[in-house]
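Report on the structure given below.
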There are 2 protein chains.
Amino acid sequence: MTRALTRKGEATRARIVAGAAAEIRERGVDEVRLEDVMAHTGTSKGQLFHYFPDGKEELLLAVAEHEADQVLIDQEPMLSNLTSWPAWLAWRDRLIERYLAQGVKCPLNGLLGQTGRRAPGAQAIVTGLMVRWQKAIAEGIRHMQSTDDIASDLDADRAAAALLAGIQGGVLLLLSTGKIDHLEAVLDLTIDSLRAGARTA
Amino acid sequence: MTRALTRKGEATRARIVAGAAAEIRERGVDEVRLEDVMAHTGTSKGQLFHYFPDGKEELLLAVAEHEADQVLIDQEPMLSNLTSWPAWLAWRDRLIERYLAQGVKCPLNGLLGQTGRRAPGAQAIVTGLMVRWQKAIAEGIRHMQSTDDIASDLDADRAAAALLAGIQGGVLLLLSTGKIDHLEAVLDLTIDSLRAGARTA
DNA sequence: ACAAATTTGGACCTGCAAGTCCAGAAACCG
DNA sequence: CGGTTTCTGGACTTGCAGGTCCAAATTTGT
C-alpha cells in the first residue's frame, strides 16, 4: 500500500506525524484541525492527502501508533529491567517525573476514548500498548519471584494487571484533578504490597 | 439564571438531559448531534436552545452533572456502608456487575477527556465526582480502622486515593480491551492488601 | 376569561473544516 | 540528460452541524 516513498517523502511524512502528535498532545484531538497541522509542520493540504489518502482518520491512526510506541520508550530502560527493588523505585520515579512534566498534555488522553471512538483501528493500538505494558510489568514481577523477592505463589499476571490499572487511573486522575497524588499513592502502595508478599510467603 | 420554569418545562428539560445522556453513553460525545438528541427525545431545535441558551456546551454540562451523580448513586447503598468485610465485597460485586453490564457504554467515557476538553466547567464536575468518591472510600476505611479491621496507622486518604485510581484504571482498561479482568484484579488485590494490613498492626 | 408569560416547531442562515483537483516544481533512474 | 514518478501548493467544492429567528400554541396567574 504505502509504496514508492522518496527519502524526502518519508521525511515529510514523519514530520507531519510528529507535528500532528505534538499538536494533539497540546490541545486535544478534536481541537486540532488539519489546517493547524499544516501550519505547525509547514505543509500543504495536498501533502496531507498525498501521504494520508484516507484523510484525518488515517493520520490519526498513524499518530496513535507513534504515541503508543513513545509511551513505552519513555519508560526505558527502567521498564525492561525491573530486577531489584531499587530498579522498581527508579521506574516508579521515572513514571512520576514523566507524567508530572507533561501534566495535562498526555498522549493517552489523545488515544483513549477520543481516537478510540473515531478510528476503529485505534482501539487495537491502545489494546496492544496495554498488553505490551502489562507483559513488561509481569516480566519484572516474575524476575523478582525468581530471586525470592516476591512470593512465588503470587499470580504475576494478575498483579501486573492491577498495577497497570492503577497507573492508568492515576494518570487519568492527574488529568482530571491536576494532582499527581493518586499516581504516587498507587505506585507506592502497590509496590509495598508486592514487597510485603515476600515476607508472607 | 434558570428561573421561571413551568412544570411542563422542567419535564421537557429533564427529558432532554436524560435523552442526551443516553445517546452520549451509547455513541460517544462527538458522535451525537443536536439533531440526534431532538429525534431521541421528541423535541425541536427551538426547545433545545430555549432550555440551554448557550447551546451544546451548556447541554453537555448539564449531562455531565447528571451522569456524575448517577455514577455514585449506582454504588449505593453499598458505598456508604463499608462497615464490614462482607460489605466491602458487596460493594466490589456491585462495581463489577455494574461495569460489566454497561461495558463500553460508560458515563465516564463521556465525561473524561471529551467533555473535559470542551466545557471548562466539566473539569470541575469530574473533579468533584472523584473527590466525593474518594471521600466515601476513605470513610469506609476509617470505619474499618475504628473496629480494628484495618491497621490504624494506615493513611486512609492515601489508600483511598490508590483504590480510586485503580478503579478508574480498571474501567479505562475495560473500555479499551473489553475485559473486566483488570478491574477485578485491582479490587481484589487492593482489598486483600487492606485486610492484610490488620494483621501487620 | 384574558393578558402575560412560557413553550414549541421548524425554516433559515452561517461558518467552518474535511476533502477534491490540478498544475507546476522537484526528485528519481536509466 | 529526458521521461517518469513523486512531491508540493493552494484555490475550490461540499456537507453538515450549530446557532438564529419568529410566529403559533399552550400554559399560567388573577
Side-chain angles (χ1 to χ4, degrees), chain A residues 1-20 23-24 26-64 110 114-115 117-122, chain B residues 1-20 23-24 26-64 110 114-115 117-122:
Chain A
M1 282 294 138
T2 321
R3 63 168 176 272
L5 265 198
T6 302
R7 193 167 307 173
K8 189 182 178 186
E10 279 195 89
T12 303
R13 205 195 114 105
R15 183 157 44 95
I16 293 174
V17 172
E23 202 81 353
I24 287 173
E26 196 73 28
R27 321 218 301 252
V29 173
D30 37 41
E31 297 303 319
V32 173
R33 328 286 164 207
L34 291 186
E35 203 177 335
D36 300 324
V37 176
M38 286 158 54
H40 192 268
T41 60
T43 48
S44 69
K45 204 154 244 183
Q47 286 169 287
L48 282 189
F49 282 86
H50 178 67
Y51 295 106
F52 305 96
D54 284 344
K56 202 177 187 182
E57 190 169 317
E58 193 179 350
L59 173 58
L60 251 38
L61 219 60
V63 168
Q114 308 205 5
T115 317
R117 290 277 183 183
R118 296 172 188 254
Chain B
M1 282 296 136
T2 322
R3 62 168 176 271
L5 263 198
T6 301
R7 192 166 305 173
K8 189 182 180 186
E10 279 195 88
T12 303
R13 204 195 114 105
R15 182 158 43 97
I16 292 174
V17 172
E23 202 82 353
I24 286 173
E26 196 73 28
R27 321 217 302 253
V29 172
D30 36 43
E31 297 303 318
V32 173
R33 327 287 165 205
L34 291 186
E35 204 176 334
D36 299 324
V37 176
M38 286 158 54
H40 193 268
T41 61
T43 48
S44 68
K45 205 154 244 182
Q47 288 169 285
L48 283 189
F49 282 86
H50 179 66
Y51 294 106
F52 306 94
D54 284 344
K56 200 177 187 182
E57 190 168 318
E58 192 178 351
L59 173 58
L60 250 39
L61 219 60
V63 169
Q114 309 205 6
T115 318
R117 290 277 183 183
R118 296 172 188 255

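These values consider heavy atoms only, across backbone and side chains, with no hydrogens, waters or symmetry-generated copies. The model shown is predicted, which means the values in this text are computed figures rather than measured ones. Residue numbers start from 1 in every chain, and the chains themselves are labelled A, B, ... in the order their sequence lines are given, proteins ahead of strands.
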What is the distance, rounded to the nearest whole Å, between atom [atom1] of [X] and atom [atom2] of [N]?
| X | N | atom1 | atom2 | answer |
| --- | --- | --- | --- | --- |
| B/D30 | D/dG18 | CG | P | 11 Å |
| A/F52 | C/dT20 | CZ | P | 16 Å |
| A/R7 | C/dA27 | CZ | P | 12 Å |
| B/L5 | D/dT27 | CG | P | 16 Å |
| B/L48 | D/dG19 | CG | P | 10 Å |
| B/H50 | D/dT26 | NE2 | P | 16 Å |
| B/E57 | D/dA17 | CD | C1' | 16 Å |

So, do [X] and [Y] sit near enough that their side-chain heavy atoms are less than 4.5 Å apart?
| X | Y | result |
| --- | --- | --- |
| A/T41 | A/Q47 | no |
| A/L34 | A/F49 | yes |
| B/T12 | B/H50 | no |

Any side-chain N or O of [X] less than 4.0 Å from the OP1 or OP2 oxygen of [N]?
| X | N | answer |
| --- | --- | --- |
| B/T43 | C/dG9 | no |
| B/Q47 | C/dT8 | yes |
| B/Y51 | C/dT6 | no |

Go through the steps to decide whether B/L5 and B/Y51 satisfy the test side chain to side chain contact (heavy atoms under 4.5 Å, CB included), and finish with yes or no. CA-CA 9 Å; B/L5 263 198; B/Y51 294 106; 3.7 Å; yes

Both B/R15 and A/G46 contact DNA chain C. Taking the nearest nucleotide for each, which residue is further toward the 5' end? B/R15

Heavy atoms only: give me the nearest A/V29-A/K56 pair and the separation to one decimal. O-NZ, 4.5 Å

How far apart are the closest heavy atoms of B/L61 and B/A122, and which atoms are they? CD1-N, 3.4 Å

If the helix axis at each end comes from five base pairs, how far does the helix from C/dA1-D/dT30 to C/dG30-D/dC1 deviate from straight, to 10°? 30°

Separation between CD (A/E23) and CE (A/M38), nearest 0.5 Å, reads 12.0 Å

Looking at CZ of A/R15 and NE2 of A/H40, how far apart are the two atoms once the value is rounded to the nearest 0.5 Å? 11.5 Å

Working for side chain to side chain contact (heavy atoms under 4.5 Å, CB included), residues A/I24 and A/L60: CA-CA 9 Å; A/I24 287 173; A/L60 251 38; 4.0 Å; yes

Counting side-chain heavy atoms from CB outward, which of C/dT8, C/dA26, D/dT6 is closest to A/K8? C/dA26

Proximal nucleotide (of C/dG9, C/dT7, D/dT6) relative to the B/T6 side chain: C/dT7

What N/O pairs connect the protein and nucleotides 13-18 of chain C at under 3.5 Å? Give each pair on its own line.
unit_1 : atom_1 : unit_2 : atom_2 : d
C/dA17 : OP1    : A/R33  : NE     : 3.4
C/dA18 : OP1    : A/K56  : NZ     : 3.0
C/dA18 : OP2    : A/L34  : N      : 3.0
C/dA18 : N7     : A/K45  : NZ     : 3.2

